[in-house]
Amino acid sequence: MPVKHMLAASAGEVVACLIRVPSEVVKQRAQVSASSRTFHIFSNILYTEGIQGLYRGYKSTVLREIPFSLVQFPLWESLKALWSWRQDHVVDCWQSAVCGAFAGGFAAAVTTPLDVAKTRIMLAKAGSSTASGNVLSALHGVWRTQGLSGLFAGVFPRMAAISLGGFIFLGAYEQTRSLLLELGRERP
């Protein structure tokens, strides 16, 4: 079962990144640009780099999201199973949400270097070696210039945001799943 979940999550991430990456590229450039007009930034990317400019960092985003999912979801399931075993009954929705927060925070921490590489690639000057999208090269460049602290830049805000997201998303998921299972039992 875990392998099926991992494959499904990975496939979902590959498809989701088709939408996520262009919006992330525009958002990040807006955050570091003198012009914060989104349409202007979007148009400029298309004019100077073409459609591939909107997908700069696609590979690095997928290479961040798949390991994230491969850590988060099995860890979430394992934490729920452990908590259920310790209390001798299935976890409540709020307990599932807490497990989701811990799983998300841990997955965020261990994939932060990949997030740093993705951000460097997306924000690199067009035509530069970093903009080419080589994740290992981007990681090596950060390691060489900033060391371990550079690879984990932003780890605490990333963990906090993703822990909160994991709490809300996985808690809501579990609540909805429970309600749907209950409705299914009520119908003959």
Side-chain angles (χ1 to χ4, degrees), residues 6 9-76 100-170:
M6 290 175 179
S10 297
E13 291 297 350
V14 168
V15 174
C17 285
L18 292 172
I19 303 299
R20 187 180 301 134
V21 169
S23 63
E24 184 79 4
V25 168
V26 172
K27 178 200 76 153
Q28 287 186 353
R29 293 196 190 175
Q31 290 174 338
V32 298
S33 173
S35 168
S36 60
R37 291 191 357 234
T38 304
F39 184 74
H40 174 73
I41 292 167
F42 175 79
S43 300
N44 189 48
I45 293 169
L46 284 178
Y47 179 75
T48 59
E49 300 176 59
I51 193 80
Q52 59 269 42
L54 290 173
Y55 283 94
R56 184 187 311 161
Y58 177 81
K59 182 174 67 173
S60 60
T61 303
V62 169
L63 289 174
R64 174 198 69 182
E65 293 297 324
I66 289 175
F68 180 91
S69 293
L70 294 179
V71 171
Q72 182 189 32
F73 289 106
L75 181 56
W76 174 57
F102 279 107
F106 181 78
V110 299
T111 59
T112 294
L114 296 171
D115 188 55
V116 169
K118 175 214 54 107
T119 302
R120 298 288 176 105
I121 290 166
M122 286 182 170
L123 293 177
K125 183 176 168 98
S128 69
S129 62
T130 304
S132 70
N134 185 320
V135 174
L136 290 177
S137 177
L139 289 169
H140 184 260
V142 172
W143 173 259
R144 196 176 60 249
T145 60
Q146 296 175 284
L148 195 59
S149 64
L151 291 174
F152 285 91
V155 67
F156 294 116
R158 178 171 157 73
M159 286 174 62
I162 293 175
S163 290
L164 180 59
F167 182 88
I168 294 168
F169 175 80
L170 294 169

How about CZ on Phe106, more than 12 heavy atoms from neighbouring residues, nucleotides or ligands closer than 6.0 Å, or not? no
Approximate separation, where rounding is to 0.5 Å, of Asn134 CG and His140 NE2: 11.0 Å
Ignoring hydrogens and geometry, is there a side-chain-to-backbone donor-acceptor pair from Arg56 to Val21 under 3.5 Å? no
Least distance between heavy atoms, Ala108 atom then Phe68 atom: N-CE1, 3.5 Å
Testing the basics here: between Val142 and Gly150, what is the closest heavy-atom pair and its distance to 0.1 Å? CG1-C, 3.4 Å
What donor-acceptor contacts under 3.5 angstrom involve side-chain atoms of residues 162-170, with partners at least two apart or in another chain?
unit_1, atom_1, unit_2, atom_2, d
Ser163, OG, Ala101, O, 3.2
Ser163, OG, Gly105, N, 3.4
Ser163, OG, Met159, O, 2.8

Give me the atom names and distance for the closest heavy-atom approach of Gly100 to Trp76. N-CD1, 3.3 Å
Does Val135 form a side-chain contact (heavy atoms from CB on, under 4.5 Å) with Ile121? I'd like the steps, not just the answer. CA-CA 8 Å; Val135 174; Ile121 290 166; 4.1 Å; yes
Can you name the residues that form a side-chain hydrogen bond (donor to acceptor under 3.5 Å, both in side chains) with Thr119, not counting sequence neighbours? none
Reported NZ-to-CE distance for the pair Lys27 and Met122, which is rounded to 0.5 angstrom: 9.0 Å
Heavy-atom pair with the smallest gap, counting every atom of Leu114 and Pro67: CD1-CG, 4.0 Å
List for me each residue that meets salt bridge (charged side-chain N to carboxylate O under 4.0 Å, His left out) alongside Arg158, sequence neighbours excluded, and say none if there are none. Asp115
If I take atom OG from residue Ser33 and atom CG from residue Leu123, how far apart are they, to the nearest 0.5 angstrom? 11.0 Å
Tell me if a side-chain donor or acceptor on Tyr58 pairs with a main-chain N or O of Pro22 at a distance below 3.5 Å. no
Please identify each residue that fulfils side-chain contact (heavy atoms from CB on, under 4.5 Å) with Val26, with sequence neighbours left out. Thr38, Ile41, Phe42, Ile45, Leu54
Heavy-atom closest pair (Leu139 atom, Ala117 atom, distance to 0.1 Å) is CD2-CB, 3.8 Å
Taking only residues two or more places apart in sequence, or in another chain, which ones meet Glu13 in a side-chain hydrogen bond (donor to acceptor under 3.5 Å, both in side chains)? Arg20, Ser69
Does Ser132 reach the main-chain N or O of Ser128 with its side chain, forming a donor-acceptor pair under 3.5 Å? no
What's the shortest heavy-atom distance between Thr112 and Ala153, and which atoms? CG2-O, 3.7 Å
By the salt bridge (charged side-chain N to carboxylate O under 4.0 Å, His left out) test, which pairs, at least two apart or in different chains, include something from residues 28-42? Arg29-Glu49
Rounded at 0.5 Å granularity, tell me how far SG in Cys17 sits from NZ in Lys59. 13.5 Å
Any chance CZ of Phe102 has more than 12 other-residue heavy atoms, nucleotides or ligands included, within less than 6.0 Å? no
Distance, nearest 0.5 Å, that separates OG1 of Thr61 from OH of Tyr55: 11.0 Å
Mind checking the CZ-OG spacing from Arg144 to Ser137? Nearest 0.5 Å is all I need. 7.5 Å
